[in-house]
Each structure stands twice: as structure tokens, then as C-alpha cells.
Amino acid sequence: MALTWARNGLSAVIVLLVGGGAAYGLLVGKPEPEPEPPPVLAPPLVEVMVADPQQRALSVQTQGTVRPQREIELVSRVSGRVERVAEHFAEGGFILAGQELVKIEDVDYELAIVRAQSQVAAAEQRLAEERGRARQARREWRELGSEEANELFLRRPQIAAAQASLESARADLRAARLDLERTSVAVPFNGRVSQKHVDIGQFVSPGTPIAAVYSTDVVEVRLPLTGGRWRCSICP
């Protein structure tokens, strides 16, 4: 029995030695792989077309609404009774740039100019008087033998106040003249009256709508267009 165990152990050792040697031979004796060049890919095939610029006409079938590029609501900037209107001041009437459409009664504004001119003259007189008093004060101060003078004694604040009053009176005069010009209502472009809001005898105030007008110099037509509505007249 001991002899059988010895034989079996020897056989196992022999099998292990043979198996280990075979495995070592396979792992160590295996030849190394040789490097291979990368594959050469063929260039892609494409079709080339040379672009030749040409002028081509496109035929479009669509419709739209003609609208003016400029349309305004004409309003009064002064108050008063409408004294006269132009013959062409009517809905649908054509108007020229700068041509008077409506004339507002201007008597009150002419009187305002007269009053403003009176205020300007009074302010100029006051300024001249203050300057004359200032010259007299300087002479009196020099006679006293002093080189330094009080600002109030030399009437410099009074001169400044008189100068400011004159500028205010002149501004009132310019405003009165501007209001007189605004009694004549016109538009700065050639156009047409779409709506008329006032007529002779009607009283208007600042901001009162007079008319709706639009320019006839340039108009716009908005045309909706989709891809299926156009075709080229000479396309193949």
C-alpha cells in the first residue's frame, strides 16, 4: 500500500513538471507580433460644380396693402376760433408741403406781441437807468478818495436784475411771435388728408385734433412671401 502511494505521488509530480514546462514554453517561447503599417484609406469621391454668377428674374404672385411711410395726427398748438380753411382741406384732398390748411384767429396773439414789445422797452429803459446810476455811483465813490467800493453801492446787483428782466421780456416776445406763427397750421410734406376734424367757426385748444394726414412722397407695400409662391423664369 505504501508502494502504491509512492507511485501515485511520483506520477503527480511528473505531471506537474510536464505541465509547468509546457506552459512556460508557450508563454516564453511565443514569437512577438510584428508591426503592420496602417491601412491606406482611399479619398472620398465628390462631385464638383463651378458656380457661374448670372442675373435671373423671379416671378412672384402675392398681394398686399399700400400704406404710407409717414402718417401723422395734426393737432393745434394754440387756442382760438378757426377763421378759415383751405379749399382742398377735405377728406381725400391733396396738400402741399408748407401750404396753410387751417387759420386760427390771431387777433389775441397780435395784441400779445404788442404787450410783449412794451415789456421789452420798459426792461431796456430800466437797464439803461441802472447803468447810468452805476456810473454816477462810481464817480461819487472816486470823489470820496477810496479805491474799494461796495457792490450794492455800485448797483451791480440792480444791473444784473435789470438785465435778467430784459432777457425775460425778450423771451416773452419770442414766445408771442411763435404763437402767432402757430395760428397758421400746415404740414412739412406733400400728402393727403385722410380724416378732417375741424371746420370754420369751431373753437380749438392746444392738443385739439385738426386732421389726420399722410405723406404721398413714399409708400410701402407689405407683401407676404412663402417659398412656394415664387418661381425663376429662366431656371432649368
Considering all heavy atoms, the nearest Val193-Ala211 contact: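 In this case the closest contact between Val193 and Ala211 is CG1-CB, 4.4 Å.
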
As an exercise, state the distance from [atom1] of [X] to [atom2] of [Y], rounded to the nearest 0.5 Å.
{"X": "Ser184", "Y": "Lys103", "atom1": "OG", "atom2": "NZ", "answer": "5.5 Å"}
{"X": "His197", "Y": "Leu74", "atom1": "NE2", "atom2": "CG", "answer": "9.0 Å"}
{"X": "Arg70", "Y": "Asn190", "atom1": "CZ", "atom2": "CG", "answer": "10.0 Å"}

Is it the case that the side chain of [X] and the backbone of [Y] share a donor-acceptor pair, with hydrogens and angles ignored and the cut-off at 3.5 Å?
{"X": "Ser215", "Y": "Gly191", "value": "no"}
{"X": "Asp179", "Y": "Tyr109", "value": "no"}
{"X": "Ser165", "Y": "Ala161", "value": "yes"}
{"X": "Thr183", "Y": "Leu180", "value": "yes"}

Test side-chain contact (heavy atoms from CB on, under 4.5 Å) applied to Val66 - qualifying residues, sequence neighbours left out: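 Val66: side-chain contact (heavy atoms from CB on, under 4.5 Å) contacts with Val219, Val221.
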
Worked verdict on Glu83 versus Ile200 for side-chain contact (heavy atoms from CB on, under 4.5 Å): CA-CA 6 Å; Glu83 192 174 44; Ile200 297 177; over 6 Å; no

Within-4.5 Å side-chain heavy-atom neighbours: Arg131 and Gln163: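 In contact.
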
Residue pair Gln99 / His88, side-chain heavy-atom distance below 4.5 Å: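 Sidechains of His88 and Gln99: in contact.
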
Shared-cluster residues of Val48, by chain and number - hydrophobic side chains joined below 4.5 Å: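 Members besides Val48, by chain and number: Val46.
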
Flag if over 12 foreign heavy atoms under 6.0 Å of CZ, Arg182: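 More than 12 within 6.0 Å, yes.
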
Arg126-Gln158 side chain donor-acceptor pair, cut-off 3.5 Å: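 Side-chain D/A pair, Arg126 to Gln158: absent.
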
Option passing side chain to side chain contact (heavy atoms under 4.5 Å, CB included) with Phe189 (candidates Thr216, Leu96, Val213):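 The single option meeting the side chain to side chain contact (heavy atoms under 4.5 Å, CB included) with Phe189 is Val213.
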
Pair Glu124 + Arg170, salt bridge at N-O below 4.0 Å: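 Salt bridge between Glu124 and Arg170, a charged N being under 4.0 Å from a carboxylate O: yes.
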
Sidechain N-carboxylate O distance under 4.0 Å for Glu105, Arg81: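 Yes, Glu105 and Arg81 are salt-bridged.
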
Derivation and outcome, side-chain hydrogen bond (donor to acceptor under 3.5 Å, both in side chains), residues Thr208 and Ser205: CA-CA 6 Å; Thr208 300; Ser205 58; 3.2 Å; yes

